[in-house]
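Reading through the structure tokens given below for one structure.
For ligands, and for the atoms within them, numbers begin at 1 and follow the listed sequence. Bear in mind that the values here come from a model prediction, so they are computed numbers and not experimental data.
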Amino acid sequence: MSNHAKVAVIGSGPAGLTAAIYLARASLQPVVFSGAEPGGQLTTTTEVGNFPGFKEDITGPELMVNMRQQAERFGTQFVDEVVEAVNFSGKPFTIKTKSQEVSSDSVIIATGASAKWLGLASEQRLRGKGVSACATCDGYFFKEKEVAVVGGGDAAIEEATFLTKFATKVYVMVRKDELRASQIMQDRANSDPKIEFLYNSEVVEVLGDNSVAGLKIKNNKSGEEKELGVQGLFVAIGHKPNTEFLGDQLELTKNYIKTTDNTKTSVAGVFTAGDVHDWRYKQAITAAGFGCMAALDAMKYLEQEKK
Ligand SMILES: Cc1cc2nc3c(=O)[nH]c(=O)nc-3n(C[C@H](O)[C@H](O)[C@H](O)COP(=O)(O)OP(=O)(O)OC[C@H]3O[C@@H](n4cnc5c(N)ncnc54)[C@H](O)[C@@H]3O)c2cc1C
């Protein structure tokens, strides 16, 4: 592989791979750095039922292998390594992994974001088996069931409200004795008979062998422990965008990449796509859509720069 690329894509989730497909089909031979999770977050789930184009559910890993093969078919080159540092202070830009340095005329950053978890062994064991960090993705599986949401911010209330479409009861467990969510969200949730708030509450253990059979919860004021009979747990305590490797090379907002005009970052020629900048929608299809936009914007930039 040459160590210069016209476009380098950092990240191989739906955003990065969609960008690569568009760039490769434009004969730009992109180089994709796959990172520690080739295929991205969807490789950690089973059925994906909301990505258009599949009459039957497709599994996350299968969908991502298909996307990678499609990108490869048109000439994308993959570097299965983690990017440790970038230098966007001069041109060409440089991208460093443990074993090599690649220069490139333009860069698309699509490194995603990771959900924050409570950090319980039982929670991790039951991820995808009743424990989730995405109501939009998994709410559908909880029709006529009881679920709990952990978190006290807007995102938690949004998840809880969405889950009332399916679940018969939604407990919202809040660590403090009040919510952080905006008043309007609180009012909406308070008037929903399916939602019940449990303040000063923490999950001690997720119960069940192969699926969630309940929660052991603790009142952090009284110390009292009890069991809550729910079949699902949604953890909504925030996401961490994967931007640490950028150092101070780009402007960030709350650690998400700051954008203007959809995909442009604070450095001309560096674009972004997907969950690493999109704190709002966080879906595979929106990430793929942003990947397409970033690729088209990068092509336009290269044309203007006559690269
Ligand atoms: C369990 C689970 C189930 C989900 N189910 C659905 C669903 O059913 N439908 C749906 O639409 N969405 C679902 N989502 C959300 C969806 O997966 C994300 O919105 C989507 O994957 C975001 O795509 P992305 O390309 O922006 O980032 P990601 O998929 O997070 O990919 C990020 C990529 O960047 C790479 N990377 C990170 N840091 C570096 C680095 N330093 N160097 C190189 N590479 C790096 C990673 O290795 C990875 O390849 C689910 C998420 C989870 C966790």
Identified side-chain contact (heavy atoms from CB on, under 4.5 Å) partner of Thr94 from the options Asn87, Val102, Val107: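 Looking at Asn87, Val102, Val107, the match for Thr94 under the side-chain contact (heavy atoms from CB on, under 4.5 Å) is Asn87.
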
At what distance is the nearest protein heavy atom to [atom], and which residue and atom is it?
| atom | value |
| --- | --- |
| atom 49 (O) of ligand 1 | Glu37 O, 2.8 Å |
| atom 36 (N) of ligand 1 | Thr111 CG2, 3.8 Å |
| atom 1 (C) of ligand 1 | Thr44 OG1, 3.6 Å |
| atom 9 (N) of ligand 1 | Asn50 OD1, 2.8 Å |
| atom 41 (N) of ligand 1 | Val83 O, 3.1 Å |
| atom 2 (C) of ligand 1 | Thr45 CB, 4.0 Å |
| atom 6 (C) of ligand 1 | Cys137 SG, 3.1 Å |
| atom 43 (C) of ligand 1 | Gly35 CA, 3.4 Å |

Of the choices Gly49, Ala133, Ser12, Ala284, which has the non-hydrogen atom that lies closest to atom 11 (O) of ligand 1?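 Going through Gly49, Ala133, Ser12, Ala284 one by one, Ala284 has the nearest heavy atom to atom 11 (O) of ligand 1.
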
Counting heavy atoms only, which of Ile285, Asp275, Leu17 comes nearest to atom 20 (C) of ligand 1?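 Comparing heavy atoms across Ile285, Asp275, Leu17, the nearest one to atom 20 (C) of ligand 1 lies in Asp275.
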
Quick check: do Arg68 and Phe78 have side-chain heavy atoms less than 4.5 Å from each other?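 Result yes, sub-4.5 Å side-chain heavy-atom pair found.
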
Touching ligand 1 at all, [X]? Heavy atoms, strictly under 4.0 Å?
| X | value |
| --- | --- |
| Ala115 | no |
| Pro14 | yes |
| Ala110 | yes |
| Ser34 | yes |
| Leu42 | yes |

Flag the pair Lys169 and Glu196 as a salt bridge only when some basic side-chain nitrogen lies within less than 4.0 angstrom of an acidic carboxylate oxygen.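 Counted as a salt bridge, because a side-chain N and a carboxylate O are separated by less than 4.0 Å.
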
Hey, is Ala36 touching ligand 1 through its side chain, its backbone, both or neither, going by heavy atoms under 4.0 Å?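 It is the backbone that touches ligand 1; the side chain stays farther off.
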
Where on Gln41 is there a heavy atom closer than 4.0 Å to ligand 1, on the side chain, on the backbone, on both, or on neither?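 Both of them.
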
State yes or no: are the ring centers of Phe166 and Phe141 separated by less than 6.0 Å?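 When the ring centroids of Phe166 and Phe141 are compared, they turn out to be at least 6.0 Å apart.
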
Please confirm whether the ring centroid of Tyr256 lies under 6.0 Å from the ring centroid of His239.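 Centroid distance Tyr256-His239: not below 6.0 Å, so no.
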
Quick check: closest heavy atoms across Gln249 and Val267, and the distance to 0.1 Å?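 Answer, listing the atom of Gln249 first, then Val267: O-CG2, 3.7 Å.
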
Any chance you could lay out the side chain to side chain contact (heavy atoms under 4.5 Å, CB included) test for Ile58 and Asn66, step after step, and finish with the verdict? CA-CA 11 Å; Ile58 183 165; Asn66 287 355; 3.8 Å; yes

Pairs touching residues 144-161 that satisfy salt bridge (Lys or Arg N to Asp or Glu O under 4.0 Å), sequence neighbours left out: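 Passing the test, one end in residues 144-161: no pairs.
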
OG1-NE2 distance between Thr259 and His277, expressed to the nearest 0.5 angstrom: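 Between Thr259 OG1 and His277 NE2, I get 6.0 Å after rounding to 0.5 Å.
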
Below 30° counts as parallel, above 60° as perpendicular, anything between as tilted: where do the rings of Phe54 and Phe51 land?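 Answer is tilted, since the angle falls between 30° and 60°.
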
Under 4.0 Å from a heavy atom of [X]: give me the atoms of ligand 1 that qualify, with their elements.
| X | answer |
| --- | --- |
| Phe245 | 41 (N) |
| Ile10 | 42 (N), 43 (C) |
| Gly274 | 26 (O) |
| Phe33 | 43 (C), 44 (N) |
| Gly13 | 25 (O), 29 (O), 31 (O), 33 (C), 49 (O) |

Is there any N or O on Gln283 that sits under 3.5 Å from an N or O of ligand 1?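 Looking only at distances, the answer is yes, because the N/O contact criterion of under 3.5 Å is met.
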
Atom CD of Gln29 with >12 non-hydrogen neighbours under 6.0 angstrom: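 No, because the 6.0 Å sphere around CD of Gln29 holds 12 heavy atoms or fewer from other groups.
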
Expected output: side-chain [X] to main-chain [Y] donor-acceptor under 3.5 Å:
| X | Y | answer |
| --- | --- | --- |
| Arg188 | Thr161 | no |
| Thr272 | Ile257 | no |
| Thr286 | Tyr281 | no |

